[in-house]
Amino acid sequence: MKHILGALCLILYFQLNSQSVPVPDVQNGRASITVIPDSSLVRGEVEYLIDNAAQTDSFYIDARNMTIKKVLVDNKVVPFIYDSLRISVPVEKTQKETKVSVWYETQPEKAMYFINWKDDKHQAVFDYPPVRGGAQVWTQGQGKYSSHWIPSFDNMSEKLIFDLSVMFPADYTVVANGTLKKVQKEGGQRAWHYDMDLPMSSYLLAIAAGKYRKSETRSDSGIPLMNYYYPEDSLRVEPTYRYTKTIFNFLEKEIGVPFPWQNYKQVPVKDFLYAGMENTSLTIFSDMYVTDSVAFNDQNYINVNAHEMAHQWFGNLVTETDAAQHWLHEGFATYYAWLAERRIFGEDHYYWKLLEATGRLQRLSDQGEGESLTDPKASSLTFYEKGAIALHMLRERLGDDAFKAAVRSFLNKFSYRNATVDDFLRIAEGTSGARLQDFQQRWLTDSVFPVEEVMTSLIANDFVKAYKQVQQEAESVRKGSAPEQTARIAASWKTKLRDDSLYHPVKQLIVSSAGILPQVQQKDLLETALKGGLYTRQAIALSLNEVPQDLRKPFESLLTDASYLTIEQALLKLWISFPEFRETYLEQTAGVFGFNSANIRTLWLALSLVTEGVGEKEKEKRYADLVHYTDDRYHFMIRQNAYGYLKELSAFDKSSVRSLIRATRHPVWQFSRFSRDMLRDLMEQDEFRFFLQQFRDELSTDELQALNEVLNKDSQ
Ligand SMILES: [Zn+2]
């Protein structure tokens, strides 16, 4: 896996409002809010214009755990009922258009996140190692409910035009949905007025605030594309946003419906909960994807970029009515992202994506855990990848023209509204003349993954054919093929390794299978592979655990490859295999940071602590550096790496233990779970418990509470 952020964006278990009676229709909403980051607080006024053609006598606004100061109907203060989930406002039955305003204040428990304000809001105390990003505030509506920070509508079917004005400390930039109309300075604050002109659901409302610059361009159709970045990241703008315009132009053309919003903004944020989130006209994404040109080779933003952009049509323009229709969001976004990647990286890359996904889905299905695409509780693998493959199969069945016509007329018909899977399929039947009941049954209703049908489609591609052939050959060698046959296979693999036109996953498969060959042939293959391209060489760094003496020289050359993954693995394996050269390897890689997770830097520090020849003074300094990386202000993936090595070295100190305890409450669930698991593991060790006991009194109330939560859960 390239990164731990498996799911591209989250799945929403949306609950339909159980109201079957007609409700007033909300036309537009205008909010003026003040965000006070030092106290994690937001307050302000939100005003909704409703059309009460339904003639009901009350109107509901979702608002979670807020202080509601007052409610006005047509500028008059009215009594209201609030149960800490929603506000019920009396409205006149007869009136057609009504203005409802809510004055509120809240410290959002979720959906709005305040990053790095507590200790030091402006700059890190220590310059090295650097903390990127500084203090930020950002939101995540889907799955968390925007109604935690703004009285709004949890029901996705309530679509309205939102205009958001945000007051924020003056030296920060605020980005929100729509077009920035003006910025007004008021004392130490600035008010950012954003304007939208078309309706959307409340879960797509968003704000991102922090120290940002932006790089702006326009699509072929004239839509402004604004790419935000941290001031310290100016050299990373190009690799991070590489192909953004290509993807945008491609999607507009491929989908055949113009981009539905005024502009498109992308903002990286720290400690984001997912890889990216497609808020209307404003994608927020994890700053782990802000890459330099080396990291680009392994962890680039392209797939997430295309996926979130595709959601601007599939999800934002046309929204599902409920979670059983989630294919319309994730299946489509995944499929169009793959098409965009095909446009950039070619046909074989597209088939490789399909083949990998097919493997994952087949394994799930073989374990009897296949899922229906219309199961509202299906996993992301099903919604995203099975969903995308279903579209690949549908397109093959209908033909390009009928498929594209179906997508176009579906989007046009349900623009700025909600739709179901059935709506799409009936339109596809209309544009193609095909009957799709069997497709619907096999691909959307059934839980078994139709692997043979997919493979029949994929095997038509030469790259897939070559890949499958190597798999079968490896299988036959494993089962004990005759020496002549093994030799033939080895020779054919060598030819493949030298074939420049062959897409690299086949070569990587050959490298990772080389261990099953007799030693002479294995060595020959590895030597050939070491003369190959970046990814073939990477496969060697990944698959060899111990480096044979006679491969030492060529293997050492991996330390300078343009891949942080290759360098990390090569450093580790060389360090293990050749103790006499450890210091040399460390010298060669000193100062290489690696991915944003500091994968090389943290490994390097850890290895130096156990390398003979590194002086004690130097070790002390490097140990302090490793501990620094556990500081709360660092990205959680850096901290995770640092904790991992501290644990392996049994080298926790007081500050790293305390930060690990705080990490158990981190909003990114993967990281908080990691921290809880690690803390429980550590508490099994007498030495660690004894160590913690010595400074338990110094723990803050919050830390003590967090620690007890973890331990109590353990004893249950
Ligand atoms: Zn998505």
Side-chain angles (χ1 to χ4, degrees), residues 2-14 111 138-146 156 177 200-206 244 247-248 251 254-255 259-261 264-269 272-286 288-289 300-341 353 357 360-361 371 373-392 407 411 418-419 421 424 668-670:
K2 280 203 227 159
H3 45 77
I4 67 154
L5 300 161
L8 287 170
C9 39
L10 72 159
I11 296 138
L12 177 70
Y13 299 120
F14 168 68
W138 46 262
T139 61
Q140 168 59 37
Q142 193 174 24
K144 303 288 173 194
Y145 296 114
S146 301
M156 291 164 110
N177 313 93
M200 66 169 182
S201 316
S202 297
Y203 81 92
L204 295 166
L205 271 168
T244 294
I247 298 168
F248 193 98
L251 287 180
E254 173 67 32
I255 294 168
F259 180 76
W261 314 102
Y264 189 58
K265 303 173 287 295
Q266 301 184 83
V267 185
V269 300
F272 196 50
L273 309 176
Y274 314 100
M277 175 64 206
E278 71 276 15
N279 313 291
T280 306
S281 80
L282 167 54
T283 283
I284 292 180
F285 67 99
S286 162
M288 291 308 282
Y289 291 101
N300 61 60
Y301 177 52
I302 292 172
N303 178 270
V304 179
N305 187 339
H307 179 103
E308 310 309 338
M309 209 187 275
H311 271 310
Q312 300 295 325
W313 287 266
F314 305 102
N316 300 7
L317 174 62
V318 178
T319 308
E320 64 194 21
T321 52
D322 60 279
Q325 327 299 325
H326 210 42
W327 179 52
L328 299 176
H329 289 200
E330 298 308 340
F332 281 68
T334 305
Y335 175 67
Y336 279 91
W338 287 355
L339 292 184
E341 287 186 79
K353 287 258 166 176
R360 285 189 282 270
L361 286 156
E371 294 168 326
L373 258 170
T374 45
D375 174 355
K377 294 199 162 140
S379 63
S380 356
L381 182 60
T382 295
F383 279 132
Y384 290 63
E385 300 193 338
K386 187 181 181 184
I389 295 175
L391 286 167
H392 168 85
V407 170
L411 289 173
N418 299 72
V421 165
F424 173 72
V668 176
W669 68 267
Q670 289 98 329

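In this text, all values refer to a predicted model and were calculated from it rather than measured experimentally. Whatever order the structure lists them in is the order used to number ligands and atoms, beginning at 1. In this chain, residues are counted from 1 in sequence order.
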Restricting H307 to its N/O/S atoms, the closest one to the Zn ion (ligand 1) is NE2
Please work out whether the ring planes of F332 and F424 are parallel, tilted or perpendicular, with thresholds of 30° and 60°.
perpendicular
Is H311 close enough that one of its N/O/S atoms sits under 2.8 Å from the Zn ion (ligand 1)?
yes
Contact flag E330/the Zn ion (ligand 1), N/O/S atoms, threshold under 2.8 Å:
yes
Mind telling me whether F272 and W138 have parallel, tilted or perpendicular rings, with 30° and 60° as the class edges?
perpendicular
Contacts of E341 that satisfy salt bridge (Lys or Arg N to Asp or Glu O under 4.0 Å) - sequence neighbours left out
K353
Residues at least two apart in sequence or cross-chain that pass ring-ring contact (aromatic ring centres under 6.0 Å, His included) with Y301, listed by chain then number, are F285
